[in-house]
*Asks:* 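Got a structure for you, written out below as structure tokens; questions coming shortly.
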There are 2 protein chains.
Amino acid sequence: MDHINIVTSGNSTAQQVYDWLHGRILRGELEPGARLSETEIAGQAGVSRQPVREAFIRLTATGLTEVRPQRGTFIGRISINAVLSARLIREAVESDLIRMVSANLDYELLARLDRQLAAQREASERQDVEAFITLDDQFHHSLAVAAGHGDVWDVLEGLKSQMNRLRHITARIFDHQKLIEQHGAIVQALREGDADGAEQAMRLHLREVLNDLPEIARSKPEFFTK
Amino acid sequence: MDHINIVTSGNSTAQQVYDWLHGRILRGELEPGARLSETEIAGQAGVSRQPVREAFIRLTATGLTEVRPQRGTFIGRISINAVLSARLIREAVESDLIRMVSANLDYELLARLDRQLAAQREASERQDVEAFITLDDQFHHSLAVAAGHGDVWDVLEGLKSQMNRLRHITARIFDHQKLIEQHGAIVQALREGDADGAEQAMRLHLREVLNDLPEIARSKPEFFTK
DNA sequence: GACGATTGACTGGTATGGAAGTATGGCATA
DNA sequence: TATGCCATACTTCCATACCAGTCAATCGTC
């Protein structure tokens, strides 16, 4: 969606502008380094500069934009360090969570995970990147909930935002087939009651997820910052 | 510091107001549930509502305040779930980090950690809560840096903000002696090259750090939210 | 005295204007 | 032709005014 339609009931104007810009940034429609201005966005949205300014302040607070006085507001470049830190944190946390899942295995969960894997395969076959990203997140969320720590997923999801931008910007590079196989290996280890195996499969999965990062950074250096 | 002095050079007015309010919230001077208004803070700071509004938007983006239209801006209650999630994430991540430290032990680090422990004892003896919190954070930061992942500490520090509010609000309850002993056990396991022991000591430390949370929540229920 | 309606004060949200700083283009001069 | 200066347009930041909604106090009626 590259246009915005402001409605005067429900969410505030500033919230609507934030949601619009936030979605466009995460989907890679507003590329890292691109320049916006309050006046320009206000014109597009048919509102005053004020709520646009407020949306910018919020986006800046989450690291997605950078305001340079007198110059403009720039879409934040993807921080390689932030992506790497998020990966390391996810590996540590999700390997603890998978051990908790294994210790209290619910067979209905296995059936649900199998259904999710099937949906992932289908999304991959029709090359629906958006759906695949959503299903991937859903898989990990299900595991966090099964571990009794659904709230932790909210935190991890926040950390993933730069990673999700990366995936949208470079949609073709990620090997969805391999990700699905790795998800499958995690589920299989759970099925066999192999807690160590499940942890190792999760660690492998989250370690490999960034194998292509150096290549990506080389192909689009202007999108990245340390 | 309960007053603010706005200077017209250097940081923007909105930034100064944000820093002032942010510090007061973290130190517990503005208690959870307390009500502020743009008009009131603008009056105190001698500026228009506009930069105050901007500071509120930023504070709200970080979860420290909540804006209720027509009603006021309220200092956020401490989310028990957020504190618990942060603890779980810290345990997972810092146990991975301590294994990395142990695998590449630098003896100069041990000397530095010993010095930090001595400083913690001293701060505890003179009951300097502020200094103790700073030194506690420094200890953990040193370990993250030693593991080669100083950036990860920045993320963990962000997660700790609710925990740090808790510590300021309930300064007397945390047993600093026990925390220092636990830090000491971590350093000793490192000295002995015992990676498993270091991980277990770190897990125990980060697991016990919230033992008093139920009691605290009972004694001041109005400060907390789920 | 109790209840409901009205009024005024207060709140956040938005629009508009002015100030200060930055960047670019045009014109004059060497 | 190249360089420097000036004017203009653009930017964000802050101040002020207006609007709609909320709440508490007061007044009128039963």
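Computed from a predicted model, the values in this text were never measured in an experiment. We name chains A, B, ... by the order of the sequence lines, and we start the count at 1 in each one.
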*Asks:* Should B/Arg35 be listed as having a side-chain N or O under 4.0 Å from OP1 or OP2 of C/dT11?
*Replies:* yes
*Asks:* Which pairs, with at least one residue in residues 21-54 of chain A and sequence neighbours excluded, count as a ring-ring contact (aromatic ring centres under 6.0 Å, His included)?
*Replies:* A/Tyr18-A/His22
*Asks:* Hey, is the side chain of B/Thr73 poking within less than 4.0 Å of OP1 or OP2 on C/dG12, counting only N and O atoms?
*Replies:* yes
*Asks:* Hey, is CD on A/Gln15 packed in by over 12 heavy atoms from elsewhere, all under 6.0 Å?
*Replies:* yes
*Asks:* Quick one: B/Glu38 CD to C/dG13 P, roughly how many Å, whole number?
*Replies:* 7 Å
*Asks:* Could you list where the contact with chain A starts and ends along DNA chain D, reading 5' to 3', using a 4.0 Å heavy-atom cut-off?
*Replies:* D/dT11 to D/dC13
*Asks:* Give me the distances for all protein-to-nucleotides 22-24 of chain C N/O pairs that come in under 3.5 Å?
*Replies:*
| unit_1 | atom_1 | unit_2 | atom_2 | d |
| --- | --- | --- | --- | --- |
| C/dA23 | OP1 | A/Arg71 | NE | 3.2 |

*Asks:* Can a side-chain donor-acceptor contact be found between A/Gln162 and A/Arg165 if the only test is distance below 3.5 angstrom?
*Replies:* yes
*Asks:* Rounded to the nearest 0.5 Å, what separates atom CD1 in B/Ile89 from atom CG in A/Leu156?
*Replies:* 5.0 Å
*Asks:* For the pair made of CD in B/Glu40 and P in C/dT11, what is the distance, rounded to whole Å?
*Replies:* 8 Å
*Asks:* Any N/O pairs under 3.5 Å between the protein and nucleotides 14-16 of chain C? List them or say none.
*Replies:*
| unit_1 | atom_1 | unit_2 | atom_2 | d |
| --- | --- | --- | --- | --- |
| C/dT14 | OP1 | A/Thr13 | N | 2.5 |
| C/dT14 | OP1 | A/Thr13 | OG1 | 3.0 |
| C/dA15 | OP2 | A/Ser48 | N | 2.7 |
| C/dA15 | OP2 | A/Ser48 | OG | 2.4 |
| C/dA15 | O5' | A/Ser48 | OG | 3.3 |

*Asks:* Indicate whether any N or O donor in one side chain lies under 3.5 Å from an N or O acceptor in the other, for A/His168 and A/Glu130.
*Replies:* yes
*Asks:* When the ring centroid of A/His140 is compared with that of A/His183, is the distance short of 6.0 Å?
*Replies:* yes
*Asks:* Rounded to the nearest 0.5 Å, how far apart are CG of B/Leu166 and CD1 of B/Ile78?
*Replies:* 5.0 Å
*Asks:* Kindly list each side-chain donor-acceptor pair under 3.5 angstrom involving residues 141-155 of chain B, sequence neighbours excluded, with atom names and distances?
*Replies:*
| unit_1 | atom_1 | unit_2 | atom_2 | d |
| --- | --- | --- | --- | --- |
| B/Ser142 | OG | B/Gln116 | NE2 | 2.9 |
| B/Ser142 | OG | B/Gln138 | O | 2.9 |
| B/Asp151 | OD2 | A/Asn81 | ND2 | 3.0 |

*Asks:* Do B/Thr65 and B/Thr60 pair up side chain to side chain, a donor and an acceptor below 3.5 Å, judged on atom types alone?
*Replies:* yes
*Asks:* Just to verify, what does A/Arg77 make a side-chain hydrogen bond (donor to acceptor under 3.5 Å, both in side chains) with, not counting sequence neighbours?
*Replies:* none
*Asks:* OH of A/Tyr18 versus P of C/dG13: gap in Å, rounded?
*Replies:* 16 Å
*Asks:* On a heavy-atom basis, which atom in B/Arg87 and which in B/Arg207 lie closest, and how many Å separate them?
*Replies:* NH1-CA, 3.3 Å
